[in-house]
Amino acid sequence: MAGQAGLIGALIGFVVGLIEYRLVTGVVVASLRRTDSSKTPAEKDDYERRIRLLKAAVLVLSVGGLPIVGYFIGRALFG
């Protein structure tokens, strides 16, 4: 039973992480693109590279971290 509760918690954490990723990256990337002051193509490419790195970091933290938290919460509360 404890294993099932953990897995259900991890699944819920994964879904919440996906939703959080979409919301956070959508808002933040839109804001960053509005404030882009790049003047050359090289500056624009660097700015876009940094946005991709930010999106990757948020993906790892949200979709990678929340299932782990959900697993432990599921085990602690229902396991």
Side-chain angles (χ1 to χ4, degrees):
M1 183 70 174
Q4 288 177 334
L7 292 177
I8 291 170
L11 179 62
I12 292 169
F14 179 75
V15 171
V16 170
L18 282 176
I19 293 168
E20 179 187 41
Y21 170 75
R22 297 290 301 206
L23 290 172
V24 169
T25 57
V27 171
V28 171
V29 169
S31 296
L32 287 172
R33 289 208 168 111
R34 278 195 304 273
T35 62
D36 184 9
S37 61
S38 302
K39 294 179 179 34
T40 66
E43 288 177 346
K44 180 72 172 172
D45 289 343
D46 185 54
Y47 201 75
E48 290 297 322
R49 181 186 62 82
R50 291 174 189 231
I51 288 175
R52 285 191 305 274
L53 288 173
L54 174 70
K55 287 174 71 172
V58 172
L59 179 69
V60 167
L61 291 173
S62 295
V63 178
L66 284 179
I68 294 169
V69 172
Y71 176 81
F72 288 114
I73 289 174
R75 286 204 51 187
L77 293 179
F78 304 107

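Basis for what follows: all heavy atoms, side chains included, without hydrogens, waters or symmetry-related copies.
- In the hydrophobic cluster analysis, where Ile, Leu, Val, Met, Phe, Trp and Tyr join through side-chain heavy atoms closer than 4.5 angstrom, Phe78 is grouped together with Val69.
- Partners of Val24 by side-chain contact (heavy atoms from CB on, under 4.5 Å), not counting sequence neighbours, listed by chain and number: Glu20, Val28, Val58.
- Here Glu48 pairs with Lys44 in a salt bridge; the nearest charged N to carboxylate O distance falls below 4.0 Å.
- Atom CD1 of residue Ile73 and atom CD1 of residue Ile68 lie 12.0 Å apart, to the nearest 0.5 angstrom.
- Note on Leu7 and Ile12: separate hydrophobic clusters, where clusters join Ile, Leu, Val, Met, Phe, Trp and Tyr whose side-chain heavy atoms are under 4.5 Å apart, directly or indirectly.
- In this structure, Tyr47 places its OH atom where more than 12 heavy-atom neighbours from other residues, nucleotides or ligands lie under 6.0 Å away.
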Discussion item. Pair Leu54, Arg50 - check side-chain contact (heavy atoms from CB on, under 4.5 Å), show working.
Written reply: CA-CA 6 Å; Leu54 174 70; Arg50 291 174 189 231; over 6 Å; no

Worksheet item: Can you check side-chain contact (heavy atoms from CB on, under 4.5 Å) on Ile19 and Val15, steps first, answer last?
Response: CA-CA 6 Å; Ile19 293 168; Val15 171; 4.0 Å; yes

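- Ionic pairing of Asp45 and Arg49 is not present here: no N-O contact between side-chain nitrogen and carboxylate oxygen is shorter than 4.0 angstrom.
- Here the shortest heavy-atom pairing between Ser37 and Glu43 reads O-OE1, 4.4 Å.
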Item to complete: Assess whether side-chain contact (heavy atoms from CB on, under 4.5 Å) is satisfied between Leu66 and Phe14, documenting all intermediate values.
Response: CA-CA 6 Å; Leu66 284 179; Phe14 179 75; over 6 Å; no

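- In this structure, the separation between CG on Leu32 and CZ on Arg34 is 9.0 Å, given to the nearest 0.5 Å.
- Listed here is the closest heavy atom pair of Ser62 and Pro67: O-CD, 3.8 Å.
- Remark: Leu77 CG to Arg75 CZ distance equals 12.0 Å, nearest 0.5 Å.
- Both Val29 and Tyr21 belong to a single network of hydrophobic side chains, linked directly or stepwise wherever heavy atoms of I, L, V, M, F, W or Y lie under 4.5 Å apart.
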